[in-house]
Amino acid sequence: MKALVISKLGGPEVLEIRDVPPPELAGEQKLVVGLAGGINFADLMTASGGYSGTPPPPLIAGREFSGTLPPTGDRVMGYVQWGAFAEKIAAHPDLLWPVPEEWTNEEAAAFPVNYFTAYFAYWKAGLIDDPSLANKSRVLIHAVAGGVGTAAVEIGNLLGIEMYGTSSSQEKLDRVKRLGLQHGINYKEQDYREAIKGLTHGEGVDVVFEMLGGEHTAKSVHCLRDFGRVIVYGNATGQPGTLDPRILYAKGASVHGLWLTYLSKNRELMQRAWTQLSAWISAGHLHPVVGATLPLERAAEAYRLLSDRKNFGKVTLKIS
Ligand SMILES: NC(=O)c1ccc[n+]([C@@H]2O[C@H](COP(=O)([O-])OP(=O)(O)OC[C@H]3O[C@@H](n4cnc5c(N)ncnc54)[C@H](OP(=O)(O)O)[C@@H]3O)[C@@H](O)[C@H]2O)c1
C-alpha cells in the first residue's frame with residue numbers, strides 16, 4: 001500500500017511516499033481504507049522528534065483520518081497515534097466515529113483531534129458541566145484561526161461564551177470572526193495582555209486556552225481575572241512553558257493540563273464527549289474548517305503551511 005513515511009527525524013523534507021506492507025491488526029483493531037488525513041501540529045513534532053511516545057523512524061505519519069470500513073463501506077473518521085496517512089489504517093473501534101452524511105472526506109478527517117481537544121479544553125475549564133457559568137465567561141483562545149482554535153470558536157458559540165482570540169494575521173482574524181469570534185487580537189501589532197486589559201476594562205478573562213509555551217504560560221495567567229483557569233495543551237513556540245506558581249496566589253488562579261493522547265484511552269470520557277459532539281453535529285452546529293487540501297504527494301508543502309503559520313483551520317491530505 002501507499003503510505004507517507006517519516007524516513008528520519010527532521011523537517012517536512014524527511015517525508016517520503018513509500019510502498020509498504022499493510023498494517024497487521026492487533027486485538028480489536030479494525031482495518032480502515034484511508035481516504036483523507038488531517039494534519040496536526042503534533043505531526044510536525046513527531047517528524048522532528050519532539051513528540052512523546054512515538055517510535056523512532058521509519059514510521060508512517062498521521063494521527064487522524066477518514067475512510068471506509070470493509071466490507072460494508074461505512075464511512076468513518078478516526079484517531080490513532082501514527083499510521084493515519086496511508087491507504088490502509090489499523091484503528092481501535094472505540095476511536096472510530098461515523099461520518100455525517102453531508103460531510104466530505106476532508107471535513108471528516110479534520111474532525112477528531114480539533115473537536116475532542118476543544119471540547120476537553122472547555123470541559124477542563126468547567127464550562128461544559130455548568131452552562132450557566134459558560135454564559136457569563138470570557139475565554140482567550142490562542143491560535144484562534146488554527147485547527148483547534150476554529151473548533152473552539154464553534155463550540156464557544158454554542159456555549160454562549162464571550163471569545164477573544166489571537167493570530168498573527170488580520171486576514172485570518174477577519175475569517176474567524178465570520179465563524180463567531182467576537183474579539184480578534186493581532187499579536188504582531190498589539191501585545192495581547194494589554195489588548196485583553198483594554199477589551200475587558202481591566203478585568204481580564206476567565207479562561208485561556210494556552211498552546212504556545214515559553215513566556216506565554218505566565219503571560220496567559222496575567223490575562224486572567226479572579227479564579228481564572230489557564231488550560232495548557234501545547235508549546236508551538238518549541239519552548240517549555242515557564243511559570244512561577246507564586247503568580248497564581250493573588251487571583252486564586254489555576255493551571256490545568258490537557259493531552260488528547262492520554263484522554264483518548266479513557267473510554268467513558270471519550271463517550272461522554274462524543275455524545276455531546278454528535279448531538280451538536282446532528283443539529284447542524286459543527287462544520288470542520290478545512291483551509292487547504294493537498295494530495296499525499298505534496299505532504300511536505302502541507303506540513304509547511306502549519307509551521308509557517310499560513311494555515312487557516314485544518315490542512316488535509318487526499319490519500320485516494
Ligand atoms: N494537548 C493536546 O491534546 C493537543 C491536541 C491538539 C493540538 N494541540 C496543540 O494545539 C496547538 C494547535 O494545534 P493545531 O494542530 O490546531 O495547529 P494550528 O493551530 O492549526 O496551527 C498552528 C498555529 O499556531 C500559531 N502559532 C503561534 N506561534 C507559532 C509558532 N511559533 N510556530 C508555529 N505556529 C505558531 C499559528 O497561527 P497564527 O499565525 O494565527 O498565530 C499557526 O497557524 C499546537 O500547539 C498543538 O501541539 C494539543
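As the structure lists them, so they are numbered: ligands from 1, and atoms in each ligand from 1. Heavy-atom basis, side chains included; hydrogens, waters and symmetry copies ignored.
Residue V148 places at least one N or O, backbone or side chain, under 3.5 Å from an N or O of ligand 1. Residue contacts with ligand 1: T117 is placed with no nitrogen or oxygen under 3.5 Å of a nitrogen or oxygen of the ligand (distance criterion only). Between I39 and ligand 1, no pair of N/O atoms sits closer than 3.5 Å. At least one N or O atom of G147 sits closer than 3.5 Å to an N or O atom of ligand 1. Considering both main-chain and side-chain atoms, T166 never comes within under 3.5 Å of ligand 1 through any nitrogen or oxygen pair. Taking only nitrogen or oxygen atoms, main chain and side chain alike, L212 does not reach within less than 3.5 Å of ligand 1. For ligand 1, the polar-atom distance check against S168 finds a nitrogen or oxygen pair separated by under 3.5 Å. Distances between N or O atoms of K172 and those of ligand 1 include at least one value under 3.5 Å. Any N or O atom pair closer than 3.5 Å counts here, and K310 shares no such pair with ligand 1. By the 3.5 Å distance cut-off applied to N or O atoms, L260 is counted among the residues near ligand 1.
For ligand 1 and T237, the ligand atoms under 4.0 Å from any heavy atom of the residue are 31 (N). Near Y187, meaning under 4.0 Å from one of its heavy atoms, ligand 1 places the atoms 27 (C), 38 (P), 39 (O), 41 (O). Those atoms of ligand 1 with a heavy atom of A236 less than 4.0 angstrom away are 30 (C), 31 (N), 32 (N), 45 (O). Taking a cut-off of under 4.0 Å to the non-hydrogen atoms of V113, the atoms of ligand 1 that pass are 6 (C).
More than 12 heavy atoms of other residues, nucleotides or ligands lie within 6.0 Å of CD in E13, so this atom counts as buried by the packing criterion. Residue-environment remark: CD (E24) stays at or below the threshold of 12 foreign heavy atoms within 6.0 Å. Crowding of K219 atom NZ: a count of heavy atoms from other residues, nucleotides or ligands under 6.0 Å exceeding 12.
Nearest heavy atoms, I39 versus L317: CD1-CG, 3.8 Å. Taking every heavy atom of both residues into account, T68 and R75 meet most closely at CG2-CG, 4.3 Å. Across T117 and L258, no two heavy atoms sit closer than the pair O-CD2, 3.7 Å.
Nearest to atom 23 (C) of ligand 1 among the protein's heavy atoms is A143 CB, 4.1 Å. Scanning the protein for heavy atoms near atom 43 (O) of ligand 1, the closest one is N311 OD1, 2.6 Å. Among protein heavy atoms, the minimum distance from atom 48 (C) of ligand 1 is reached at Y233 O, 2.8 Å. The nearest protein atom to atom 19 (O) of ligand 1, hydrogens excluded, is given as G146 CA, 3.4 Å; this is a heavy-atom distance. Of all protein heavy atoms, the one closest to atom 12 (C) of ligand 1 is M211 CE, 4.2 Å. Here the heavy atom of the protein found nearest to atom 46 (C) of ligand 1 is F41 CB, 3.6 Å.
Looking only at side-chain heavy atoms (C-beta outward), L212 and E210 come within less than 4.5 Å of each other. Contact of the H183 side chain with the M163 side chain is not registered, since no non-hydrogen atoms from C-beta on lie closer than 4.5 Å. Looking at heavy atoms from C-beta onward, L140 lies in side-chain contact with Y192 at the 4.5 angstrom threshold. With contacts defined as side-chain heavy-atom distances shorter than 4.5 Å, the pair D19/M1 does not qualify. Looking only at side-chain heavy atoms (C-beta outward), M77 and F65 stay at 4.5 Å or farther from each other. Contact of the T104 side chain with the V290 side chain is not registered, since no non-hydrogen atoms from C-beta on lie closer than 4.5 Å. Looking at Y303 and L4, their side chains come closer than 4.5 Å, going by heavy atoms from C-beta outward.
Heavy-atom proximity to atom 31 (N) of ligand 1, evaluated over K188, E210, R309, R63, is greatest for R309. For atom 40 (O) of ligand 1, the nearest non-hydrogen atom from the set A151, G149, S167 comes from S167.
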